[in-house]
Each structure stands twice: as C-alpha cells, then as structure tokens.
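Each remark here refers to the structure printed beneath this line.
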There are 2 protein chains.
Amino acid sequence: MRVPRAEREEQILTAAEQVFAERGFHATSMDEVAERVGVTKPLIYDYFGSKEGLLSACITRARTQLREATELSWASVGPDAPLSEVFEAGVRAFFEFIDAHATAFVLIRQEGAVASQANPLIESIREEQSAATVATFRAAPGLGAVPEELLEGCAEVVIGACERVAVWRAGRPGIGVEDATAIVVSSVWGGLSSLLTPR
Amino acid sequence: MRVPRAEREEQILTAAEQVFAERGFHATSMDEVAERVGVTKPLIYDYFGSKEGLLSACITRARTQLREATELSWASVGPDAPLSEVFEAGVRAFFEFIDAHATAFVLIRQEGAVASQANPLIESIREEQSAATVATFRAAPGLGAVPEELLEGCAEVVIGACERVAVWRAGRPGIGVEDATAIVVSSVWGGLSSLLTPR
DNA sequence: TTGGTAACTTACCGATGGTAAGTTCCTCGT
DNA sequence: ACGAGGAACTTACCATCGGTAAGTTACCAA
C-alpha cells in the first residue's frame with residue numbers, strides 16, 4: 001500500500017524503536033525493521049540515510065517526547081507556583097514518562113554509541129532539554145542574578161541525577177515513581193534552592 | 001614478536017580504547033585494532049570473544065580505573081574527616097580523572113550500546129562503583145540509621161550528576177575542574193547532608 | 001628428544017550495511 | 001485528456017567486515 005512520506009517515516013521510527021530497544025543497535029538489521037513495516041530496505045535508506053541516521057532519528061523523537069512531557073507538567077502546575085513545586089512536578093513527570101515509554105528510554109541510553117564525535121542532531125536536542133530546564137529556573141519568582149553558567153550546570157545536575165536514578169530503578173521493581181521522585185528532589189532541592197535564591 | 005597473554009591483552013585494550021574513542025563502536029574495525037597492535041584479528045577473538053566483548057573489556061578497565069582513582073582520593077583525605085570533605089574530594093577526583101583520561105570517558109558513555117539487555121559484566125562493575133560510594137556514606141561519623149535504598153539512591157544521584165556535568169563541560173573549555181566540582185558539590189551537598197544526618 | 005600447549009597466522013565464509021538503476025503510480029499544468 | 005515530473009517503492013547487486021576452522025611456529029617441561 002502506498003503511503004505519504006511523513007506517515008511512513010513515523011511507522012519506520014516506531015518499528016525501529018522497538019527493534020533497537022529489544023535487540024540493541026548492533027544486533028538490529030535494517031532488513032528486519034523494513035520487514036516489520038512491510039517495506040524494503042532502500043526506502044529506509046532514502047528516508048534516513050544510514051543505520052546510525054535511523055537511530056539518531058529515533059533518539060531525537062524519544063528525547064523530544066520526553067521534553068514535551070516535562071514541559072506539559074510544568075505548565076499544568078500553574079505559572080506562578082513556587083519553584084519547589086514546579087521542580088518536583090518536572091521530576092515526577094520524568095519518571096512517569098520512563099515508566100510509560102520503556103523502549104524510548106532504552107534508546108536514549110544508547111545515544112553514546114552514535115554521538116561519539118559530536119553528532120549535531122543529538123547534541124542540539126540535548127541542549128534543548130537543558131535550555132528548557134534553565135528557562136524554568138529563570139522564570140522562578142524571587143530569583144536573583146545568578147550567572148548563566150551556574151544555572152546551566154544545575155540543570156545538568158538535575159537531568160543527570162534523574163537519568164541515572166531511572167537506570168538504577170529499572171532493576172528494582174520495589175522503587176515506585178514517588179520513591180524515585182522523593183530521592184531526587186530531596187537530595188538536590190536543598191542545595192539548589194540555597195544556590196538559586198542567595199539569602 | 002611473541003608476548004605473554006596478559007601483556008598482549010593490555011596492548012590490545014589500549015589500542016582498542018583509542019580506536020573506539022576516536023571512531024565510535026560501529027566505525028571501528030577489528031582489523032584496524034589488530035593492525036595497530038601488530039597482530040592479526042583471530043588472536044583478538046581468541047582473547048576477547050567478540051567485538052562487543054572487546055568493548056566490554058575496555059569499559060570494564062576504564063570504570064575500574066575511575067573507581068580506583070576516587071577511592072584513592074577518599075583514602076588520602078584521612079579516615080575520620082567530615083563527610084563533606086570526603087565527598088568533595090571524591091567529586092574532584094572524578095573530574096580530574098576525566099580530564100586525564102578523555103578516551104576512557106568517551107568509552108564509558110558508550111556502554112549503553114553494549115549493555116542493552118543486562119550485560120552482566122558491565123552491570124557488576126557499575127554496581128561496584130555505587131557500592132563504593134554507598135560504603136563511603138556509611139562510614140561517615142554521626143550517620144543515623146538510614147535505609148539502604150535511600151543511600152543507594154543518593155549514590156546514583158551523585159554519580160549521575162557528575163557524569164552528566166562532565167559531558168556538558170566537554171564542550172565548554174572555560175569550565176575548569178574546580179568550577180565543575182563546585183557546581184556538583186553545592187547543588188547536591190545541602191540536600192544530601194540533611195538527608196543523611198536527620199536532625 | 002619429544003609431547004604438549006600457548007601464541008599466532010592464513011584463508012575463508014556469510015551476513016548485512018549500503019547503492020544503482022529502475023518501475024509504478026499519483027498529481028498537476030496545459 | 002494527457003503527458004511531464006516527481007514521489008513512493010522495488011529488484012538486484014556489491015563490498016566490507018565480523019567471525020571461524022584449520023593450521024603453524026615457538027617455547028617449556030619431563
């Protein structure tokens with residue numbers, strides 16, 4: 001069946017996400033992805049250029065979805081809520097997203113394999129996420145003049161903490177979303193708040 | 001020239017670390033690694049089993065070196081120093097190690113590519129690092145009865161924060177070791193200390 | 001000397017990433 | 001209505017490279 005490009009690309013990305021997540025990058029064959037979609041290999045190459053390009057596109061989509069989920073949670077908590085609440089809502093949204101999109105997160109963890117020498121696409125999407133977090137900090141009421149670099153560094157700390165706790169939690173079914181949220185928020189919030197609102 | 005196995009393995013690991021770091025896993029050919037060592041491919045397969053096995057071994061070595069570097073710094077700060085100092089020394093040692101072993105860190109970031117479905121070797125070495133951090137927390141003077149899970153979670157937060165800040169810093173030459181250390185310590189220490197020593 | 005084993009090579013296969021050259025079908029301008 | 005053009009898609013193919021089988025050479029111990 002003939003299908004417009006945008007739609008076909010979505011189908012391919014969805015299939016590739018599954019195969020990459022369950023087999024890993026190396027063990028995934030382009031023919032298998034193509035077969036699942038009901039298409040042949042050269043079409044995928046026409047649309048995504050290479051195997052790494054396909055993985056890049058998958059990761060980009062996953063990271064974008066993740067960012068949108070957290071931004072949505074920030075919006076839902078209200079524009080002038082205290083920073084602590086906004087912060088907690090974002091962390092919780094992160095873990096909820098991971099629970100709901102396990103394959104996407106497996107993919108995100110593989111980005112080291114493809115971003116070896118500064119893949120610009122991956123790098124830019126990464127920076128988008130950091131920038132969104134920084135913007136949230138900046139929008140907080142009662143925030144003094146904090147240097148940009150410090151703010152960026154804090155955003156990286158939060159994101160890094162969330163990602164690593166998510167990996168750790170994958171092997172421990174006993175740790176729920178709320179537990180994970182509590183661990184990140186309570187370890188990071190104290191230092192963060194005193195940094196961001198110097199008394 | 002004929003060389004005993006242990007020595008050859010080290011040579012191969014060193015060469016592989018360089019090639020993996022500069023080309024990435026996919027673009028690295030076993031023949032190139034072999035050629036750099038002055039050996040042929042089947043020998044590498046005899047010693048490491050597969051391409052992924054070789055990467056696993058590289059990552060294992062890199063992570064072990066990293067862990068040893070941080071443990072050394074903990075020892076050098078004295079056995080009954082306050083936790084804050086031990087903590088800061090460990091974080092600083094982490095960033096110093098990354099600066100001195102750039103290729104090793106590029107490698108560590110690629111572990112997602114190979115640890116897709118619970119590579120036991122990688123997983124165990126990861127847990128060693130967490131366990132070492134947990135043990136350091138445990139050894140702190142005046143630490144109350146903190147549940148094990150919380151302690152583990154905190155360790156993951158710290159490690160995740162360090163790793164991500166290291167990646168972020170790679171693109172920003174202006175951020176020195178001390179800046180990075182300050183960012184991690186000040187964002188995490190406040191919350192951590194009040195968690196670990198409930199007043 | 002010789003048996004055994006550790007270190008290493010030559011020669012090969014098959015899978016798979018990647019491509020060239022089409023073919024079919026829809027659309028749009030005249 | 002109809003042909004040009006391009007988008008969607010296929011067949012058939014190549015070349016590289018991960019992996020292996022079967023050997024060969026050097027060392028060492030009895």
Side-chain angles (χ1 to χ4, degrees), chain A residues 1-59 107 110-111 113-117 119 121-122, chain B residues 1-59 107 110-111 113-117 119 121-122:
Chain A
M1 230 234 286
R2 222 110 186 276
V3 155
R5 174 163 183 162
E7 189 178 334
R8 201 48 111 192
E9 281 181 347
E10 283 301 309
Q11 293 176 2
I12 294 170
L13 286 177
T14 302
E17 183 173 309
Q18 286 174 1
V19 184
F20 279 140
E22 75 192 28
R23 294 235 204 296
F25 180 76
H26 181 79
T28 294
S29 87
M30 296 296 270
D31 278 317
E32 184 177 350
V33 175
E35 198 187 1
R36 285 209 195 184
V37 182
V39 151
T40 49
K41 205 170 44 170
L43 186 71
I44 301 185
Y45 279 90
D46 196 25
Y47 287 174
F48 296 96
S50 70
K51 194 180 178 183
E52 294 206 354
L54 181 59
L55 179 61
S56 272
C58 286
I59 292 175
L107 232 57
Q110 304 207 342
E111 77 182 19
V114 73
S116 51
Q117 78 275 19
N119 183 320
L121 199 66
I122 302 287
Chain B
M1 234 233 289
R2 222 113 185 271
V3 156
R5 175 162 182 160
E7 190 178 334
R8 254 290 122 80
E9 281 182 346
E10 283 301 309
Q11 293 176 2
I12 294 170
L13 285 178
T14 301
E17 183 174 307
Q18 286 175 1
V19 184
F20 278 140
E22 72 192 33
R23 296 236 205 295
F25 179 76
H26 181 78
T28 294
S29 88
M30 296 296 269
D31 279 315
E32 184 176 351
V33 175
E35 197 187 1
R36 285 208 195 185
V37 182
V39 151
T40 50
K41 205 171 45 172
L43 186 71
I44 301 185
Y45 278 91
D46 196 25
Y47 287 174
F48 296 97
S50 69
K51 193 180 178 183
E52 294 206 353
L54 181 59
L55 179 62
S56 274
C58 285
I59 292 174
L107 234 57
Q110 305 209 342
E111 76 182 21
V114 74
S116 50
Q117 78 273 22
N119 181 321
L121 198 67
I122 301 287

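Throughout, a chain's letter reflects where its sequence line sits, starting with A, and its residues are numbered from 1.
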Discussion item. Measure CG/D46(B) against C1'/dA22(D) and give the value in whole Å, please.
Written reply: 13 Å

Discussion item. Rounded at 0.5 Å granularity, tell me how far OG in S50(B) sits from CE in M30(B).
Written reply: 7.0 Å

Worksheet item: Roughly how far apart are D31(B) CG and T40(B) OG1, rounded to 0.5 Å?
Response: 9.0 Å

Item to complete: May I have the distance from M1(B) (atom CE) to dC27(D) (atom C1'), rounded to whole angstrom?
Response: 15 Å

Item to complete: Could you state the atom-to-atom distance from CZ of F25(A) to P of dT16(C) in whole Å?
Response: 14 Å

Discussion item. Distance check needed: dT10(D) P versus Y45(A) OH, whole Å only.
Written reply: 15 Å

Discussion item. Can you tell me which nucleotide in dC8(C), dG18(D), dT10(D) comes closest to the side chain of M30(B)?
Written reply: dG18(D)

Item to complete: Go through dG19(D), dA8(D), dA7(C) for me and flag the one nearest to the S50(B) side chain.
Response: dG19(D)

Worksheet item: Between dT24(C), dT10(D), dG18(D), which nucleotide has the shortest distance from any of its atoms to the side chain of R2(A)?
Response: dT24(C)

Worksheet item: R5(A) has an atom CZ; how far is it from atom C1' of dG6(D), in whole Å?
Response: 13 Å

Worksheet entry | Under 4.0 angstrom between R8(B) side-chain N/O and dA6(C) OP1 or OP2 | no

Fill in: L43(B) CG to dG19(D) C1', straight-line distance once rounded to whole Å
14 Å

Worksheet entry | Euclidean distance, atom CG of residue D31(A) to atom C1' of dT11(D) [Å, nearest integer] | 13 Å

Discussion item. Quick one, E7(A) and E10(A) - any side-chain contact, counting heavy atoms below 4.5 Å?
Written reply: no

Worksheet item: Rounded to the nearest 0.5 Å, how far apart are CD of E9(B) and OG1 of T14(B)?
Response: 11.5 Å

Fill in: Mutual orientation of the aromatic rings belonging to F20(A) and F25(A) [parallel < 30°, tilted 30-60°, perpendicular > 60°]
parallel

Worksheet item: With a non-hydrogen cut-off below 4.0 angstrom, is S29(B) in contact with a base, only sugar-phosphate, or nothing?
Response: sugar-phosphate

Worksheet entry | Check: dG18(D) base within 3.5 Å donor-acceptor of K41(B) side chain | yes

Practice prompt. Grab the CZ-P distance between F48(A) and dG17(C) for me, whole Å please.
Written response: 16 Å

Practice prompt. Would you classify Y47(B) as touching base, sugar-phosphate or nothing, given that sugar-phosphate means primed atoms plus P, OP1 and OP2, and contacts are heavy atoms under 4.0 Å?
Written response: sugar-phosphate

Worksheet item: What nucleotide among dG18(C), dA7(C), dT11(D) has an atom nearest to a side-chain atom of P42(A)?
Response: dT11(D)

